Amino acid sequence: MSRVVIVGGGAAGMMAAVAAASAGNSVCLVEKNEKLGKKLFLTGKGRCNVTNAGDMETLFANVPTNPKFLYSAFYGFDNQAVMRFLEQAGCPLKTERGGRVFPVSDHSSDIIAAFERELRKLGVEILLNTEVIGLMLDDTEDAEGGKSGAALDVQGIIAEGEYRVKGVRLSGGRILSGDRCIICTGGLSYPSTGSTGDGYRFAQDTGHRLTECVPSLVPFEVAEDWCGSLMGLALKNVSVRLLCDGRELYQGFGEMLFTHFGVSGPLILSASSFYGRTKNKKRAKNQAPDGKNMLYIDLKPALDMEQLDRRLVRDLEENKNKQFKNALGKLFPAKLIPVMIRLSGIHPDKKVNEITREERRDFVELIKALPLTVTGLRGFQEAVITRGGIDVRDVNPSTMESRKVKGLYFAGEVLDLDALTGGFNLQIAWSTGYLAGRG
């Protein structure tokens, strides 16, 4: 039986603790916050989209960064296993549009409570309000090739050599010993929940490579001032196209939200993943700045241009004696009507029966491709996840064990893995956490 120390009590950490304890190990879960699952509590607007019910092909298709690394993790503990675990732990689930899986109660606290029950049942020691500041290693080989067994307090980058983890140092100076250590400290997103990059420092200090960390699944900032007037307006069942330098990066269907600075919502967050990836590649290659980056919203994706034109003709015919501004109530939410009129170029007081065929066709084009100029992304404070992290080349994908330090494991967002919205990022956390715990 091993003594396992797990650093970080989020999704990956709690699952790693369950898996390690279920395998008969003595487990201590260390969390610097006052409670477990603090970030998990906020996910899915407090509802917690725990996974996605899609098939394995769907899971991999929604992981744009290092999907092949997750082969053992996803097949070792897939979405069906996650759902079975939670339901057996007393948290019934439901599946919604797009395969998104939520607790029946719509309360993320029920997911956390299910884990807490299992952790108590398995006898996991939980240390809250406890911060890990460094790793303790043994130098397993001295200069003559013999075993030195000298403990190293790692708070700076170690020299080349062969090392084994022996525990962690806590902020008060206390040493917590362990034969195995699993780092599940998350990324840099939602820093108010304690995600401050500790795991990156632990990894770098022990000789692991890091890829650039940037906000991902994050709202867009746009140039158009009219977005602010629509703040709080959610649009369901729309589609968007994201173009950078005239090249289409993303097309998707779903729900979006207007904000005071631009646009957000599940559809926009997924689009941001592709935007950020392209921007970083250009910056890394010292390429010239982009031209305009455009987001086009199709407000009526179920209708093609001709169908929408016929629909508009019918609506206008029903209101032929009204002013244009009073004839669009069936087409758009009330808040959106003044914006659409302004962008159409048609005078709001113009009588409907005076609108020309050309004006009507231009209006159809506007409805099918409402343009927004993307100027940038919001920061880590509003990012759902972090893209980048510990280079997966330094981690064994079959066990999540470090290739640099024996007995040291990584799981969850701390690794250079990220996915689109829809429950896929939490599935990465559950799968890698489980594999690390079993490893």
Side-chain angles (χ1 to χ4, degrees), residues 10-12 15-16 39-40 43-44 48-83 95 97-101 184 186-189 195 199-200 209-218 242 249-254 266-281 377 383-400 409-436 439:
M15 183 57 83
K39 182 178 175 184
L40 196 62
T43 60
C48 193
N49 182 187
V50 293
T51 187
N52 191 284
D55 57 20
M56 198 60 71
E57 184 179 350
T58 300
L59 294 187
F60 283 109
N62 282 274
V63 180
T65 304
N66 298 318
K68 291 180 181 177
F69 177 83
L70 287 166
Y71 188 89
S72 294
F74 274 180
Y75 277 99
F77 195 70
D78 64 10
N79 49 1
Q80 299 301 318
V82 171
M83 290 187 275
T95 302
R97 181 180 56 82
R100 289 168 163 81
V101 180
C184 305
L188 294 167
S189 57
S195 298
Y200 302 142
R209 291 168 289 185
L210 297 181
T211 62
E212 183 185 12
C213 294
V214 295
S216 190
L217 302 186
V218 62
L242 175 65
L249 294 184
Y250 176 81
Q251 183 169 2
F253 173 86
L267 188 56
I268 300 302
L269 300 185
S270 288
S272 75
S273 178
F274 293 88
Y275 177 85
R277 204 175 308 277
T278 299
K279 285 291 183 182
N280 290 334
K281 283 180 182 176
L377 300 174
V384 175
I385 58 163
T386 303
R387 187 172 69 252
I390 297 166
D391 195 319
V392 296
R393 291 175 296 177
D394 291 343
V395 180
N396 183 339
S398 299
T399 61
M400 297 295 138
Y409 298 74
F410 301 99
E413 195 180 342
V414 74
L415 291 162
D416 182 16
L417 300 166
D418 66 270
L420 305 186
T421 59
F424 303 103
N425 284 289
L426 271 179
Q427 183 61 49
I428 291 174
W430 307 133
S431 294
T432 56
Y434 181 87
L435 197 59

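Quick note: residue numbers are just sequence positions, from 1. Because the structure is predicted, anything quoted here is derived from the model rather than measured.
Every residue two or more places apart in sequence or in another chain was checked for a salt bridge (charged side-chain N to carboxylate O under 4.0 Å, His left out) with Asp416, and none qualifies. Contacts of Thr432 classified as side-chain contact (heavy atoms from CB on, under 4.5 Å), with partners at least two apart in sequence or in another chain: Leu70, Ala73, Met400, Ala411, Leu417, Ile428. Listed by chain and number, the residues in a side-chain hydrogen bond (donor to acceptor under 3.5 Å, both in side chains) with Asn396 amount to none (sequence neighbours excluded). Scanning for side-chain contact (heavy atoms from CB on, under 4.5 Å) contacts around Pro397 gives Phe69, Arg403, with sequence neighbours left out. Remark: Tyr434 engages Phe77 in a ring pair (Phe, Tyr, Trp, His ring centres under 6.0 Å) (not counting sequence neighbours). Here Asp394 pairs with Arg209 under the side-chain hydrogen bond (donor to acceptor under 3.5 Å, both in side chains) rule; sequence neighbours left out. In this structure Val101 satisfies the side-chain contact (heavy atoms from CB on, under 4.5 Å) test together with Val50, Thr51, Ala53, Met83, Leu93, Thr95, sequence neighbours excluded. For the side-chain contact (heavy atoms from CB on, under 4.5 Å) test, residues two or more places apart in sequence or in another chain that qualify with Phe253 are Asn237, Ser239, Pro301. Remark: Thr386 engages Glu413 in a side-chain hydrogen bond (donor to acceptor under 3.5 Å, both in side chains) (not counting sequence neighbours). Listed by chain and residue number, His208 satisfy the ring pair (Phe, Tyr, Trp, His ring centres under 6.0 Å) test with Phe410 (two or more places apart in sequence, or in another chain). Shown here are the salt bridge (charged side-chain N to carboxylate O under 4.0 Å, His left out) partners of Asp55, two or more places apart in sequence or in another chain: there are none. By the salt bridge (charged side-chain N to carboxylate O under 4.0 Å, His left out) test, Asp78 pairs with no residue at all, sequence neighbours left out.
Checking each of Asn49, Val63, Asn79, Asn52 against Gln427 for a side chain to side chain contact (heavy atoms under 4.5 Å, CB included) leaves exactly one that passes, namely Asn79.
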Yes or no on side-chain contact (heavy atoms from CB on, under 4.5 Å) for Leu210 and Ile390, after CA distance, side-chain angles and deciding distance?
-> CA-CA 5 Å; Leu210 297 181; Ile390 297 166; 3.8 Å; yes
Going through the distances and angles, do Lys39 and Ser189 end up as a side-chain contact (heavy atoms from CB on, under 4.5 Å)?
-> CA-CA 9 Å; Lys39 182 178 175 184; Ser189 57; 2.8 Å; yes
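Within the 4.5 Å cutoff, the side chain of Leu269 has heavy atoms near those of the Val384 side chain. For the pair Pro215/Leu377, no side-chain contact is recorded, criterion being any heavy-atom separation below 4.5 Å from C-beta on. In this structure the side chain of Leu217 reaches within 4.5 angstrom of the side chain of Asn425, judged on heavy atoms. With contacts defined as side-chain heavy-atom distances shorter than 4.5 Å, the pair Thr211/Arg387 does not qualify.
The line from CZ of Phe424 to CG of Asn62 is 3.5 Å long, rounded to the nearest 0.5 Å. Interatomic distance, Ser270 OG to Leu242 CG, rounded to the nearest 0.5 Å: 11.5 Å. Put simply, OH on Tyr75 and CG on Leu59 are 9.0 Å apart, with the number rounded to the nearest 0.5 Å. Considering OG of Ser398 and OH of Tyr71, their distance stands at 11.0 Å, rounded to 0.5 Å.
Heavy-atom minimum distance, Cys213 versus Gly389: SG-N, 3.7 Å. Scanning all heavy atoms of the two residues, the minimum distance from Ile385 to Ala419 falls at CD1-O, 3.9 Å. Nearest heavy atoms, Leu267 versus Gly254: CD2-N, 3.7 Å. Shortest non-hydrogen contact noted between Val414 and Tyr200 is O-CE2, 3.3 Å. Considering every non-hydrogen atom in both Leu426 and Cys48, the closest pair reads CD1-SG, 4.0 Å. Looking at every heavy atom in both residues, Phe60 comes nearest to Pro67 through CE2-O, 3.4 Å.
At least one donor-acceptor pair closer than 3.5 Å links the side chain of Tyr409 to the backbone N or O of Gly439.
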